[in-house]
Amino acid sequence: MIKLAVPRGSIQKNVSEILADLSIDIPDYNRANRVYSYEFKNINDAIARSFAEKDIPIQVALGNYDLGIVTSWWADELLIKYPHLSIENLILFNDSVSKLYSTRSNDKLPLNDNLDEHIIVTEFPNITTDYLYANRTTNYRVFEAWGNPETWLNGDASIAILPEEKLTDNVKVIDSIYQGGLLLIGNKKNLKKIKESKLFKLLNEYKGLSSRSPFHFFDNKINDYVNNTKKIYSTRKQIRIAIPDGHAFRHTALALNNAGVEIKGYTDSEVIQGDLSNNVNMIINVMRPQDMPQAVSLGLYDIAITGRDWLKNFIYNYPTAPVFEMHDLKQSKYRIGAVVSKDLNVTNVNEAMEVWASQGIKKIRIASEYFGIADYFARNFIKSEYQIIPISGASEGFVPEDAEILVEGTETGATLEANNLEMKDLILESTNCIIGHKNLIDNVNPLIVDFINRFQ
Amino acid sequence: MVDTLKKFQVIEQLFRDVLNANNFTEIRTNTVQPLNLYTSAGTLTPSMLHGTYSFLDWDGWSGERVVLRPDVTVPAAQWYLNNMEGQEAKLFYIEPVYRFIDDKNNREIWQCGTELIGISPETANEAIIKLVTELLGKLNLTTAIKVIITNKDNNLQVDNYDSLPDESIAKRLIKALGNIFDKHGFNYEFIDASQNKKFEYYTNYAFSVIANDTEILSGGRYDNLCEGLGGKKAYASGFAFNMNELIKLLSDEQ
C-alpha cells in the first residue's frame, strides 16, 4: 500500500489540476468537506490523506507517508536545517511559481525600543537563516511568525519574508531569496516500493521538470539595508494593543466595542492592516494570537488579547519571558489535554502507557500544534522515550495511526468524539485573556488600567 | 576504551606541560555561546554555520539563538577582549567543540589549542614554530603525514615552495616541520591548498597537518578577529590539535 500526503488550503486547486491531468482521481479530495482520508477511484493499492502543507515533509520524513505533494519551500525549510532526513525530491511539477522575497515597509521605519538588532519576521526561519548566513548578514534576530508576517511591518519588524502574492504597495522588496514550485517528495527508505507503484508511475508521466532545481539568492541587498537603516527609538505616549486575527477578530472587536473601545471596521471579515484605533491614546494592530506573547515580551505591544493556551505554550518554551496574564476575559473556553484513541479503553495516559508497552511501542509519538505544552506534558508525565511531532492544525486522524497521543484543544469534545478520540489527561483550561509585559507590574500605566477596567 | 582514555590523557598532560613551561595561561570558555558571536565576527563559512548546533534556549524568547561552541578561537578572542585587551596574551585551552557531522560518535571534538593575541607577528610566528615542532616531536606518532600551508595574502601555495622567501612563515614552518618529521623518520609530503574551507578569519597564513586523510592540527593568523568582535585591532594567531584524531596515531608505547 502506498500512502500519499496531499495539501489542504489554497494550493489544493493546483494539486487537483495536476492530478486530473494525470488521470489520478481522488474524488473526496476535491469536495469541500471535513473528510481528510481518501481512496483513489482508479488505484487500488494507494490511499491519501490531506494535511496542512507545512506538515507534509515531516510526515514523509517520519515514514508515516511514502509520498507527499507540497510547495517546495516547505520541503526546503526542513531539509536546510535537517539535511539527513529521509526525504527524496522526486518530481518538480513546476518551477518559479513559488517565490519568497525579503521586504521592508514602504513608509514605516522599525520602531525598535528594546533591541539593537533588526527583527526579521518569517514563516520560514530556516530558509531565512540560510539566506542571512549566505550574505554574512549581522545584527539581526529571526522571529518565526505563525502567519501574516506582513502585519509586523507596522513598525514592529524591520524586515518580513513574504511570498510573491503578499507583495503590495505597502512593502518594498529588498532581495529575491527563493523560487520553487509544486514538488513530489518521497521517503528515501521506501523508494523501491514507491517506484514500483502504479501511483508513482502515473505521477512520473507528468511533463514537468525532471529534477529539483536548487533555490538561489539573487540580489544580496540585505546588508545595505540592515547596516544603513537607523532604527527609531520612539518616544510614543500611546499604549499599543494587539488583537487577534482570524475567527477571533470579530468576537474581540465586538467585545472591545461593548467595552467602549471603538475599532475601525470591526464588522469587516477581512483583516485590516494598520492602526485600527479611533482613540489618540491607543494604537491597535491585528496579529496572530500565537505570536502575541513574543511581541509583548519584546515590548512591541504593551498588552494583547490572546488565549491562555498560546501564553502558556510560549512560557513553557521560554520560562523567563517577561509576559504575564493580566486579566481573564472568560470567553472562548477551551480544554487542552492529552487525547488518545477510544479503542484503548483506558481512564488515563498512565494506563495507556501500559497498553502501548504491551504492544511493544517504545517511543511515544505526541502530535500537537502546541509544541511547548506538549513538551511540558511529556517531560512531566511520559516516563518513556517520546517524540513531539509538530503539526499545523487539523489534527483529526493523527491518532492512532501516526501518533499515540494528540495534545489538543477542544470546546465541547464533539470533534474528538466524531473521530473516535477522547481527552484523558487535562493539561490546562484556556480562555481568552489580556496579557501584558511584566514591566507593567511595577510601572502602572493609567491608560492600561482604564483599558482593563472596561472589561471588569 | 581505557587505552583510548590513557592516550587522551598523555596528549593532555604533554600539551599542558609544554604550554605551562612556555608561560602560557590556561583558559576555559563557555560551552553555550551566543550565535551572534560567530555571525558578527564573520568568522565561520555558511557551511560551518550550518553544522553548528544552534537553538533557542529556555530564555530565547527574544529570538537570540545560542550555539554549542563550534570553535574555541572566537570565544577565546572574546575572552581576551573582556579580560586582557591591549595586553600581550599567551593563552591555551583544552576543550571540546561541537559540530554536526555524519559520524555520530565524533560530533564532540576535543581540542587543545593556543592563542597568541596582541603579540607581534615575528614573535608569535617564532613561538608557533617552536611549539608545533616541540609538541609533534614529543608525540610518538606512527603514520605518514601531509602538511598543507596556504598564504591568503600572497596566494602562495606549496607547489611554488621554492619561490617563497626564506624568512616567510610558510617556508620556515614547512622547514621546521620537515626537520622534525625527518628526525623521526616519518613519511611526509607538503601539498597545496587553495583555501581553508571552514574558517574565514584567517588573514595571512593558515596551515594544516593531515594524517590518514584527517586533519590533526590546524592554525594560522587572524589579525582582524578582535576588531570583528567589536574590539580594537590586535595581532592574533594560534593553532589547535584535534585530540580525537591524534589519539588514533599515537603508538601504544607513550
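The structure presented is a predicted model; accordingly, all values stated were derived computationally and were not measured. Just so it is clear: chains get the letters A, B, ... in the order the sequence lines come, proteins before strands, and each one is counted from 1.
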Q | Interchain contact, A:Thr129 with chain B, by part (heavy-atom threshold 4.5 Å) | A | neither

Q: Could you tell me which portion of A:Phe314 (side chain, backbone, both or neither) has an atom closer than 4.5 angstrom to a non-hydrogen atom of chain B?
A: side chain

If you round to the nearest 0.5 Å, how far is [atom2] of [Y] from [atom1] of [X]?
X	Y	atom1	atom2	result
A:His84	B:Asp102	NE2	CG	3.5 Å
B:Phe100	A:Tyr82	CZ	OH	10.0 Å
B:Trp61	A:Ile315	CH2	CD1	10.5 Å

Q) Would the number of heavy atoms belonging to other residues, nucleotides or ligands and lying under 6.0 Å from NZ of B:Lys90 be above 12? A) yes

(Q) Within the supplied structure, the quantity of interest is the number of heavy atoms (other residues, nucleotides, ligands) at a distance under 6.0 Å from A:Tyr140 OH; does it exceed 12? (A) yes

Q) Do any of residues 50-60 of chain B have a heavy atom less than 4.5 Å from a heavy atom of chain A, and if so, which, in residue order? A) B:His50, B:Ser54, B:Leu56, B:Asp57, B:Trp58, B:Asp59, B:Gly60

Q: Mind listing the closest non-hydrogen atom pair of A:Arg141 and B:Ser62 along with its distance?
A: NH1-OG, 2.6 Å

